[in-house]
Peer 1: 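Pasting a structure below so you can have a look.
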Amino acid sequence: MKAYEPQRIESKWQEKWQSDGLYAVSEDDSRPKRYILEMFPYPSGDLHMGYVRNYSIGDVIARYYSMRGFNVLHPIGWDAFGLPAENAAIKNNVHPKDWTYENIARQQVQMARLGLSYDWDRTVITCSPDYYRWGQWLFLKFYEKGLVYRDESGVNWCPSCQTVLANEQVLGDGECWRCSTHVEQRRLAQWYFKITDYAQELLDDLEELDGWPDRVKTMQKNWIGKSHGAEVKFTLADTTKTITVFTTRPDTLFGATFFLLAPEHPLVDELVAGTNYREEVERVRQQVAGRTMVERAAGELEKEGAFTGKFAVNPVNGEKIPIWVSDYVLMEYGTGAVMAVPAHDQRDFEFARKYNIPIRPVIQPEGAPLDGAEMTEAFTGTGDMASSGVFDGQNSATSIAAVTEWLAASGKGESAINFRLRDWLISRQRYWGNPIPMIYCDICGIVPVPESDLPVVLPDDVDLNAEGGSLANHEEFSNVICPECGVPATRETDTMDTFTCSSWYFARYCSPSDDDLPVNRAAGDYWMPVDQYIGGIEHAILHLLYARFFTKVMRDLGLLECGEPFKNLLTQGMVKLEGSAMSKSRGNIVSPDEIIAKYGADTARLFILFAAPPEKDLEWSHEGAEGIFRFLSRVWRLTQTIIDSPDLGPHGGGQEKELTQLMHAAIKKVTADVERFNFNTAISAIMELVNAAYRYLDNVSESERDTTLLKQVAEVTVTLIAPFAPHMAEELWADLGHPASVHRHSWPEYDPKLAAVDQVTLVMQVNGKVRDRISVERGLPREAVEKLALRTDNVKRFLEDKEIVKVIIVPDKLVNIVVR
RNA sequence: GCGGGUGUGGCGGAAUGGCAGACGCGCAUGCCUUAGGAGCAUGUGUCCUAUGGACGUGGAGGUUCAAGUCCUCUCACCCGCACCA
């Protein structure tokens with residue numbers, strides 16, 4: 001018998017697929033399309049098991065839909081700009097470009113070795129000028145649309161990465177998403193994308209993403225953070241100046257006993273200038289500025305505040321309330337000013353207690369009324385309004401709307417909405433990125449690089465360690481002539497956040513070498529949106545939110561029809577070893593190369609798909625991989641045995657009938673499981689079919705075998721396993737006498753009649769407890785079933801001296817006799 | 001604090017409200033073999049007075065003829081956000 005030699009057959013088929021162009025696709029209106037996409041890798045070294053999992057999942061889906069007759073686009077590329085390349089380059093004294101392209105070459109070889117069905121003609125590499133040129137072009141279009149602006153404000157600065165970060169890139173504990181260094185605050189002039197213009201749409205359209213996990217949608221929803229409320233205009237006492245606040249609780253307006261400004265609020269200096277209060281306010285400001293994000297995140301911070309000596313006038317009752325400065329008011333949210341209602345807001349409550357400010361309840365719960373002097377915490381529940389003038393007695397169910405209407409009618413405020421989402425800071429003070437195509441001219445100001453001058457090419461000959469930045473020190477790059485007035489000017493030397501590169505690459509795959517536009521309209525409209533996107537949960541907010549934003553802007557620019565890039569999203573779990581994520585520093589790495597060398601790619605793929613459902617974390621097991629290799633060897637031997645047997649034709653009988661039934665049932669189960677991405681159970685169904693075939697060989701002597709059926713079983717097994725173990729399937733398919741690729745063959749169909757069993761096991765229960773099981777013909781009528789049950793010995797024993805109350809019959813499944 | 005998720009044998013994991021533990025790993029016994037890190041067969045939740053029975057899906061209640069699955073409460077762990085007015 002021909003031996004199973006995975007390494008030999010795998011490289012053979014990989015070469016053949018490539019030379020036959022098996023996975024090259026083009027637009028074809030005669031077939032339905034499927035765009036299957038895995039998040040592209042960062043070329044930071046060898047592919048690790050996490051990538052193998054990601055790509056194995058995508059490959060099964062792509063190959064399955066291809067066998068189902070779909071026109072499948074399944075591309076890959078590299079997210080090639082970014083800090084790791086630059087850091088590695090500095091460390092190893094090589095150029096980031098060389099380092100990047102070497103890694104890409106290595107990863108490409110590894111991908112080929114895994115037998116992934118990519119259309120290699122569509123490869124996109126983001127650090128290539130053909131690609132980043134269109135990133136710059138999009139930047140200019142965004143700018144024309146008013147979606148790009150430059151602003152000086154407080155930004156997150158990572159001292160280790162020596163660059164600013166977007167809000168999304170600062171983790172919950174105030175650490176840099178990339179290097180975990182504590183992020184500092186700085187004031188810098190930076191470029192922003194106005195993602196907040198799309199906040200509402202980004203929120204609303206989550207509703208239509210039925211194919212996304214709720215978890216991811218919830219995370220995005222919370223990140224966008226929409227709040228309904230009102231803006232209320234307070235006046236600065238003894239002036240005509242107004243200060244607007246945002247509140248979600250206008251119904252508590254009458255309970256405002258003080259007023260707060262953020263320490264950075266521009267009005268603060270003006271209020272305390274030349275007064276005795278200035279010193280104390282400054283002290284609080286200093287103290288607050290010294291706090292790190294970590295301290296702020298650590299939870300209960302003692303609230304610090306200082307009185308400004310000035311008062312604000314509450315528009316609803318003309319009351320003068322003191323204006324304080326405190327760190328718990330954020331300049332970035334709302335208006336940076338807050339009306340404080342200590343009776344009904346826990347933070348205000350704590351502050352008021354600390355600084356002895358009166359607490360006045362204006363919402364009274366049913367039963368015991370609140371007394372401000374005795375309250376121990378804020379009351380945030382519902383009740384009737386009190387001490388609130390004309391609103392007294394109004395129930396809180398209607399009071400918010402009533403007060404808001406009244407504010408609007410009297411010109412003292414209006415209903416308002418606030419988002420937590422901030423604009424996207426895209427400037428990075430690093431070399432290895434896409435240059436921002438802007439020029440600073442002393443005469444004309446900020447001038448965009450003319451489209452005809454694109455791309456702004458990132459120069460190769462830079463000093464990576466240059467003080468103040470590699471590009472800023474590159475005179476040829478930074479010194480330019482103003483395209484408008486012709487005088488010497490300076491180029492922007494910051495580069496764009498790498499997330500800009502990954503925000504539209506999926507569109508580029510549709511027409512990867514288009515010279516006129518980022519994406520050819522017809523190709524984009526044919527392939528987009530991505531039907532199935534697969535990647536790690538860590539991108540739930542960052543990449544997936546940015547990509548949605550870009551897609552919407554591209555749609556509004558007329559570049560694409562669709563407004564959502566990813567119709568369905570699968571977030572795969574991590575690959576772990578000994579309970580923790582594989583990492584070099586922990587030393588618990590299983591290298592894909594090692595596994596491929598030992599068992600072949602088919603085993604690596606199959607194991608990773610079998611060991612856990614795709615969304616769950618997966619524990620790597622050497623024994624488990626070994627077991628999968630054994631299973632593949634069993635498939636191999638089974639098929640070769642069948643191939644080697646003399647042809648005896650059909651041979652009907654009970655065993656044949658059973659094997660036929662199991663074969664059709666297996667097709668049914670594998671199909672359903674692949675459709676819903678239950679690859680682990682799909683594989684176990686194939687195992688069951690293989691086990692059944694072996695059982696048949698065991699039970700039936702060689703001369704009695706139905707070789708027609710056996711060949712059919714072998715072919716079905718091979719086609720079912722083809723998406724999972726493509727090389728073995730291809731080799732066995734050829735051995736079974738088929739000249740064309742199994743991946744071009746159609747997915748097997750099952751006959752529902754044949755998939756159903758004739759004999760079913762009826763479970764006999766008494767009071768819900770199983771007492772016996774008997775095998776009967778399918779479709780036995782109720783009366784017969786009941787009679788049968790009552791006659792069964794094991795059932796009878798439990799009926800003695802009992803009264804039968806009721807008999808429940810689930811056809812072909814069970815009988816439950818209820819007795820008393 | 002808010003939001004989301006998970007909890008089933010020694011392990012990974014299966015179960016449209018209808019036989020809990022499919023499939024695989026591991027382990028045990030046996031067969032075959034010069035040999036086995038090969039192959040094959042059988043067994044493998046716990047307990048008991050064992051051809052039978054009781055118990056069993058983090059815990060406590062409930063609904064139901066029937067609950068891993070539905071409801072209420074609760075515990076543990078994981079993830080996201082977090083002084084967002």
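Note on naming: letters A, B, ... go to the chains in the order of the sequence lines (proteins, then strands), and numbering restarts at 1 for each one.
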Peer 1: Exactly one of I359(A), I363(A), T252(A) should register a side chain to side chain contact (heavy atoms under 4.5 Å, CB included) with V341(A). Which one does?
Peer 2: T252(A)
Peer 1: When you measure from the side chain of R771(A), which nucleotide among rG53(B), rC23(B), rG13(B) comes out closest?
Peer 2: rG53(B)
Peer 1: According to the interplanar angle, ranging from 0 to 90°, do the rings of Y355(A) and F351(A) count as parallel (below 30°), tilted (30 to 60°) or perpendicular (above 60°)?
Peer 2: tilted
Peer 1: Going by a 90° cut-off around 0, is rA50(B) syn or anti?
Peer 2: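 Classified syn.
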Peer 1: According to the interplanar angle, ranging from 0 to 90°, do the rings of W620(A) and H622(A) count as parallel (below 30°), tilted (30 to 60°) or perpendicular (above 60°)?
Peer 2: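 Perpendicular: the ring planes of W620(A) and H622(A) meet at over 60°.
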Peer 1: What about N222(A), does its side chain sit under 3.5 Å from the base of rC81(B) through a donor-acceptor pair?
Peer 2: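 Under the 3.5 Å cut-off, the side chain and the base do not form any donor-acceptor pair.
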Peer 1: Quickly work out the F607(A) CZ to rC11(B) C1' distance and round it to whole Å.
Peer 2: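 Answer to the nearest Å: 11 Å.
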Peer 1: Give a yes or no on whether a donor-acceptor pair under 3.5 Å exists between the nucleobase atoms of rC65(B), that is its base, and the side chain of K806(A).
Peer 2: no
Peer 1: Nearest to the side chain of S621(A), heavy atoms from C-beta on, is which of rC25(B), rA41(B), rA85(B)?
Peer 2: rC25(B)
Peer 1: Syn or anti for rG9(B)? Use the chi torsion, O4'-C1'-N9-C4 for purines and O4'-C1'-N1-C2 for pyrimidines, with syn inside 90° of 0.
Peer 2: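 This nucleotide is in syn.
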Peer 1: Give a yes or no on whether the ring-centroid distance for F629(A) and W636(A) is below 6.0 angstrom.
Peer 2: no
Peer 1: Between R285(A) and E264(A), does at least one N-O distance fall below 4.0 Å, as a salt bridge requires?
Peer 2: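 No, this pair does not count.
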Peer 1: To the side chain of S684(A), which of rA54(B), rC23(B), rC83(B) is closest?
Peer 2: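 The answer is rC23(B), which lies nearest to the side chain.
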Peer 1: The side chain of F610(A) lies closest to which of these nucleotides: rA85(B), rG12(B), rA20(B)?
Peer 2: rG12(B)
Peer 1: How far apart are the C-alpha atoms of K226(A) and Q200(A), what are their side-chain angles, what is the distance that settles it, and do they pass the side-chain hydrogen bond (donor to acceptor under 3.5 Å, both in side chains) test?
Peer 2: CA-CA 8 Å; K226(A) 182 178 180 179; Q200(A) 187 64 54; 2.9 Å; yes
Peer 1: For F631(A), report the nucleic acid contact type (base, sugar-phosphate, nothing); a contact means any heavy atom under 4.0 Å.
Peer 2: nothing
Peer 1: So that I can compare with my own list, what are the stems of RNA chain B, taken as at least three consecutive Watson-Crick or G-U pairs with distances under 3.5 Å?
Peer 2: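 RNA chain B forms these stems: B:1-7 with B:75-81, B:10-12 with B:23-25, B:26-31 with B:39-44, B:45-48 with B:52-55, B:58-62 with B:70-74.
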Peer 1: Between E231(A) and K412(A), does any NZ, NE, NH1 or NH2 come within less than 4.0 Å of an OD or OE carboxylate oxygen?
Peer 2: no
Peer 1: What's the closest nucleotide to the P613(A) side chain, out of rA54(B), rA14(B), rC83(B)?
Peer 2: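 Nucleotide nearest to P613(A)'s side chain: rA14(B).
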Peer 1: Between rC19(B), rG4(B), rC65(B), which nucleotide gets closest to the side-chain atoms of T761(A)?
Peer 2: rC19(B)
Peer 1: Would you call the rings of W424(A) and Y546(A) parallel, tilted or perpendicular, where under 30° means parallel and over 60° means perpendicular?
Peer 2: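 Taking Y546(A) first and then W424(A), their aromatic rings lie parallel (interplane angle under 30°).
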Peer 1: On a whole-Å scale, what distance lies between the P atoms belonging to rU69(B) and rG56(B)?
Peer 2: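 It comes out at 13 Å once rounded to the nearest Å.
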Peer 1: Would you say S227(A) places a side-chain N or O within less than 4.0 Å of OP1 or OP2 belonging to rA85(B)?
Peer 2: yes
Peer 1: rG24(B) and rG39(B): how far apart are their P atoms, nearest whole angstrom?
Peer 2: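 One P to the other, the span is 13 Å.
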Peer 1: For the side chain of D698(A), counting heavy atoms from C-beta on, which of rG18(B), rC40(B), rG37(B) is nearest?
Peer 2: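 Shortest atom-to-atom distance from the side chain points to rC40(B).
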Peer 1: Side chain of R420(A), heavy atoms from C-beta onward: which of rC81(B), rA85(B), rA22(B) has the nearest atom to it?
Peer 2: rC81(B)
Peer 1: Using a 4.0 Å heavy-atom cut-off across all strands, classify R634(A) as base, sugar-phosphate, or nothing.
Peer 2: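 It contacts sugar-phosphate atoms only.
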Peer 1: Looking only at the side chain of K616(A) (C-beta and beyond, no hydrogens), which of the listed nucleotides rG13(B), rG18(B), rA85(B) gets closest?
Peer 2: rG13(B)
Peer 1: Is any N or O donor-acceptor pair between the side chain of D327(A) and the base of rC83(B) shorter than 3.5 Å?
Peer 2: yes
Peer 1: Should N680(A) be listed as having a side-chain N or O under 4.0 Å from OP1 or OP2 of rA14(B)?
Peer 2: yes
Peer 1: Between rG80(B), rA15(B), rG53(B), spot the one nearest the side chain of F798(A), thanks.
Peer 2: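 When the side chain of F798(A) is considered, rG53(B) is the closest of rG80(B), rA15(B), rG53(B).
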Peer 1: Mapping G627(A) and N794(A) to their closest nucleotides on RNA chain B, which lands nearer the 5' end?
Peer 2: G627(A)
Peer 1: Which is true for V818(A) with a 4.0 Å heavy-atom rule: it touches a base, it touches only sugar-phosphate, or it touches nothing?
Peer 2: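 It contacts sugar-phosphate atoms only.
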Peer 1: Mapping Q765(A) and I683(A) onto RNA chain B by nearest heavy atom, which one lands closer to the 5' end?
Peer 2: Q765(A)
Peer 1: Taking only side-chain nitrogens and oxygens of R630(A), does any of them come within less than 4.0 Å of OP1 or OP2 of rG24(B)?
Peer 2: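 Checking rG24(B) against R630(A), no side-chain N or O comes under 4.0 Å of OP1 or OP2.
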